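Each remark here refers to the structure printed beneath this line.
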Amino acid sequence: GAAWTLLAGAGAGQTQLDDPQVDDVAHWGHPLDMHLATKGLQGWPKLLLEVWHVDSWGRPGLAGYGVCHVPSAPGCHRVTCVTWRPRGTRGQRLLGTGGPQLRVPEVAVTGAGERFRLRTESAGSVHLELGVMARNMGTYGV
């Protein structure tokens, strides 16, 4: 939201690649370190995830998008982020040429109510362990 300011850390970035060998589970161990300040509680922070895959020919493709809220309580939290992707045409699915992608992925966060216009399909889940620290929130009754 407009009331939030990124004081330190990266607001966006790309992490690492994993090649799952067992049970199609990719293990991701990349820390996210962001320090935010706010003047109001409107627009609480969310995480937008883009999960990509590489096919057997080495071509990257979108596996799915996911959006989840950052917990508001301090402490360690386990969060499950359900992912989805735009459903491609029958030809795209049969030929494996990859499916459509959002031109502006941030729309998945800000215009989530507009997703009903898209034909989408489930793309799995991402399980996150988030540590949240809050400072001076109690002073303002939060």
Side-chain angles (χ1 to χ4, degrees), residues 1-138 140 142:
W4 293 83
T5 304
L6 180 65
L7 298 177
Q14 181 178 344
T15 60
Q16 67 209 42
L17 180 69
D18 187 14
D19 185 12
Q21 301 295 318
V22 179
D23 297 332
D24 260 355
V25 175
H27 295 278
W28 180 64
H30 189 83
L32 304 175
D33 187 9
M34 294 183 283
H35 300 258
L36 302 168
T38 186
K39 294 179 182 179
L41 297 179
Q42 293 288 340
W44 193 266
K46 299 176 192 175
L47 292 175
L48 168 62
L49 304 178
E50 287 185 43
V51 180
W52 289 76
H53 67 89
V54 177
D55 68 12
S56 57
W57 291 285
R59 298 178 301 185
L62 176 72
Y65 298 104
V67 177
C68 59
H69 286 276
V70 172
S72 58
C76 293
H77 304 272
R78 290 180 183 230
V79 177
T80 299
C81 186
V82 177
T83 63
W84 56 273
R85 65 179 165 249
R87 185 177 172 100
T89 64
R90 181 176 294 185
Q92 288 171 327
R93 290 192 306 271
L94 289 175
L95 297 174
T97 58
Q101 301 170 18
L102 299 176
R103 287 186 185 157
V104 181
E106 291 76 17
V107 163
V109 175
T110 58
E114 297 294 320
R115 188 175 140 207
F116 73 90
R117 295 178 185 219
L118 296 175
R119 293 183 60 144
T120 62
E121 58 191 12
S122 176
S125 303
V126 175
H127 302 282
L128 304 167
E129 291 184 17
L130 300 175
V132 176
M133 294 173 40
R135 186 174 139 216
N136 298 331
M137 296 292 241
Y140 301 102
V142 178

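Here the structure is a predicted model, which means the values were calculated and not measured. Just the heavy atoms: all of them, side chains too, but no hydrogens, waters or symmetry mates, feed the values below.
- Checked against side chain to side chain contact (heavy atoms under 4.5 Å, CB included), A37 has the following partners two or more places apart in sequence or in another chain: L7.
- The aromatic rings of W84 and Y65 are tilted relative to each other, their planes meeting at an angle between 30° and 60°.
- Between A123 and G64, the shortest heavy-atom contact is CB-CA, 4.1 Å.
- The salt bridge (charged side-chain N to carboxylate O under 4.0 Å, His left out) pairs that include a residue from residues 77-86 are R78-E129, R85-E121, where partners are two or more places apart or lie in different chains.
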**OP:** Report the C-alpha distance between L49 and V67 in whole Å, list the side-chain angles of each, state the deciding distance to 0.1 Å, and finish with yes or no for side chain to side chain contact (heavy atoms under 4.5 Å, CB included).
**Re:** CA-CA 6 Å; L49 304 178; V67 177; over 6 Å; no
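- Residues satisfying the side chain to side chain contact (heavy atoms under 4.5 Å, CB included) criterion with V132, sequence neighbours excluded, are V70, P71, H77.
- Residues that satisfy the side chain to side chain contact (heavy atoms under 4.5 Å, CB included) test with T80, not counting sequence neighbours, are S125, H127.
- Side-chain N or O atoms of W4 include one that pairs as donor or acceptor with a backbone N or O of G43 at under 3.5 Å.
- Contacts of W52 classified as side-chain hydrogen bond (donor to acceptor under 3.5 Å, both in side chains), with partners at least two apart in sequence or in another chain: E50.
- Partners of H35 by side-chain hydrogen bond (donor to acceptor under 3.5 Å, both in side chains), not counting sequence neighbours, listed by chain and number: D33.
- Contact of the T38 side chain with the P45 side chain is not registered, since no non-hydrogen atoms from C-beta on lie closer than 4.5 Å.
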Subject >> side chain to side chain contact (heavy atoms under 4.5 Å, CB included) between L32 and L47, intermediate numbers included >> reply: CA-CA 10 Å; L32 304 175; L47 292 175; 4.2 Å; yes
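- Counting all heavy atoms, side chain and backbone alike, C68 lies closest to L128 at SG-CD1, 3.8 Å.
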